[in-house]
Visitor: 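First the structure, which I've put down as structure tokens, then a few questions once you've had a look.
Values below: every heavy atom of this structure, side chains too, minus hydrogens, waters and symmetry copies. As the structure is a prediction and not an experimental result, all values here were calculated from the model. Atoms within each ligand, like the ligands themselves, are counted from 1 in listed order. We count residues from 1, following the sequence as given.
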Amino acid sequence: MKTLAIYNVKGGVGKTAAAVNLAYLAAESGLPTVLWDLDPQGAASWYLHGDDAKAPDKSVWRGSSPIGRRIVATPHHEQLHLIPADLETRHLDVWLRKDDNSHDRLASLIEPLSEQYSLVVLDCPPSLSHVADNIFAAADRILVPTVPTHLSLRALMTLIDYFKAHELPRTRLKPFWSMADRRRGLHRGLIEQPPKAMKDVCASVIPYAASVERMGETRAPIALSEPSSYAAEAYRALWAENANYLRRG
Ligand SMILES: Nc1ncnc2c1ncn2[C@@H]1O[C@H](COP(=O)(O)OP(=O)(O)OP(=O)(O)O)[C@@H](O)[C@H]1O
Ligand SMILES: [Mg+2]
């Protein structure tokens, strides 16, 4: 089993859109997949129709209640399941800090999921908190959606510096261009000549597209709702690029 996090300290950059679409494509490709929504906004839970389900609460995070009971099916694919988030998830930072300052709590809750799943996709909240430290410890790969703008690049550089300062493996971080608008000179320029922080950027570029925004109406991955759209093609390419690594082991 592998764990894929979609993370950026910056908000509104396409993390949840990528998490939902990539998790769906993984399931469709035959990998039993569970998307774990770690964001109290619960956007991924909503896209996957799990917004009414019971999210892991303090009892799960403290180990007195099993995570398995919080897993729900999704209507989109039988191999795609969800661990939902709700507003209470906002206390996660406190629940995680209670016992000690270790960063391994999330990893230890993920571990038993390997009996049932080949892939865990983490939809992460936009913060560099104790929750993020747990995510960095648990994830095999961290995809970082990066909008081709200077502030977005700055957020990526902050993350790279954080990894250096905390001796975390930089190779786990894999940025990809997100919400890219090729009509804009700045976007085109940065994509054509990526700065050093983007040296190992994914080749697939997720475009700024109305079809992704429409996921809010359809509440479905675009590979299902608009399979022949340009954006659906881009997510398929992004999945294909990362699939080999995530399928191994
Ligand atoms: N490729 C895209 N093209 C156009 N709109 C997009 C794209 N990706 C996401 N959006 C829209 O931008 C908004 C933010 O997207 P999303 O929720 O995926 O970002 P996020 O990084 O998860 O945000 P947050 O930090 O709040 O969790 C949503 O309204 C979504 O519909
Ligand atoms: Mg989100």
Side-chain angles (χ1 to χ4, degrees), residues 4-25 35-51 55 74 76 82-90 92-93 120-129 131-132 135 139 142-149 151-156 158-159 173-184 186-188 190-191 201-239 241:
L4 171 68
I6 319 294
Y7 175 85
N8 194 322
V9 64
K10 214 166 155 46
V13 294
K15 294 182 294 296
T16 300
V20 167
N21 284 307
L22 294 175
Y24 173 79
L25 290 167
L35 186 152
W36 191 333
D37 190 351
L38 292 167
D39 187 341
Q41 294 180 87
S45 305
W46 190 75
Y47 281 134
L48 296 179
H49 299 244
D51 48 319
T74 72
H76 304 107
L82 168 75
I83 301 175
D86 60 20
L87 254 193
E88 287 300 295
T89 309
R90 72 189 187 281
L92 184 49
D93 220 42
V120 180
V121 175
L122 304 175
D123 185 29
C124 305
S127 68
L128 197 44
S129 57
V131 177
I135 289 163
I142 301 160
L143 283 179
V144 188
T146 304
V147 181
T149 64
L151 275 185
S152 240
L153 283 166
R154 198 169 161 268
L156 175 65
T158 305
L159 184 60
L173 291 176
K174 188 93 179 129
F176 69 89
W177 293 120
S178 178
M179 302 169 93
D181 184 349
R182 287 190 192 264
R183 289 168 306 183
R184 295 195 196 174
L186 175 63
H187 284 213
R188 260 198 331 272
L190 288 171
I191 293 169
V201 63
C202 294
S204 326
V205 174
I206 303 299
Y208 190 89
S211 54
V212 183
E213 284 177 315
R214 279 195 293 274
M215 284 174 63
E217 290 161 40
T218 61
R219 293 182 73 185
I222 53 171
L224 264 184
S225 58
E226 304 196 37
S228 49
S229 62
Y230 185 50
E233 192 49 50
Y235 282 115
R236 273 195 287 270
L238 184 62
W239 166 248
E241 232 185 289

Visitor: Listing by chain and number, which protein N, O or S atoms are under 2.8 Å from the Mg ion (ligand 2)?
Guide: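 Less than 2.8 Å away from the Mg ion (ligand 2) sit T16 OG1.
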
Visitor: Restricting to non-hydrogen atoms, name the atom on E213 and the atom on Y208 that form the minimum distance, rounded to 0.1 Å.
Guide: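 That would be OE2-OH, 3.1 Å.
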
Visitor: Write down, by chain and number, every protein residue that brings a non-hydrogen atom to less than 4.0 Å from an atom of ligand 1.
Guide: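 Within the 4.0 Å shell of ligand 1, which is judged on heavy atoms, sit G11, G12, V13, G14, K15, T16, A17, D39, Q41, P126, M179, I206, P207, Y208, A209, V212, E213.
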
Visitor: Distance from C124 atom SG to K15 atom NZ, nearest 0.5 Å?
Guide: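 NZ of K15 is found 8.5 Å from SG of C124.
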
Visitor: I'd like to know if R90 and E88 make a salt bridge, using a cut-off of under 4.0 Å between side-chain N and carboxylate O.
Guide: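 Salt bridge: yes.
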
Visitor: I need the minimum non-hydrogen distance between A220 and H76, along with the two atoms involved.
Guide: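 Minimum heavy-atom contact is CA-NE2, 3.6 Å.
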
Visitor: Before giving the answer on side chain to side chain donor-acceptor pair (under 3.5 Å), spell out for E226 and S211 the whole-Å C-alpha distance, their side-chain angles and the decisive distance to 0.1 Å.
Guide: CA-CA 7 Å; E226 304 196 37; S211 54; 4.8 Å; no

Visitor: Can you tell me if CZ on R188 sees more than 12 non-hydrogen neighbours from other groups inside 6.0 Å?
Guide: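 Buried by this count: over 12 neighbours within 6.0 Å.
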
Visitor: Looking only at non-hydrogen atoms, find the nearest pair between S127 and A132 and report the distance.
Guide: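 So the minimum-distance heavy-atom pair works out to O-CB, 3.5 Å.
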
Visitor: Determine the minimum heavy-atom distance between A232 and I222, stating which atoms define it.
Guide: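 Heavy atoms only, the tightest pair is N-CD1, 3.3 Å.
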
Visitor: Of the non-hydrogen atoms in N8 and P145, which two are nearest, and what is the gap between them?
Guide: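 Shortest heavy-atom contact: ND2-O, 2.7 Å.
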
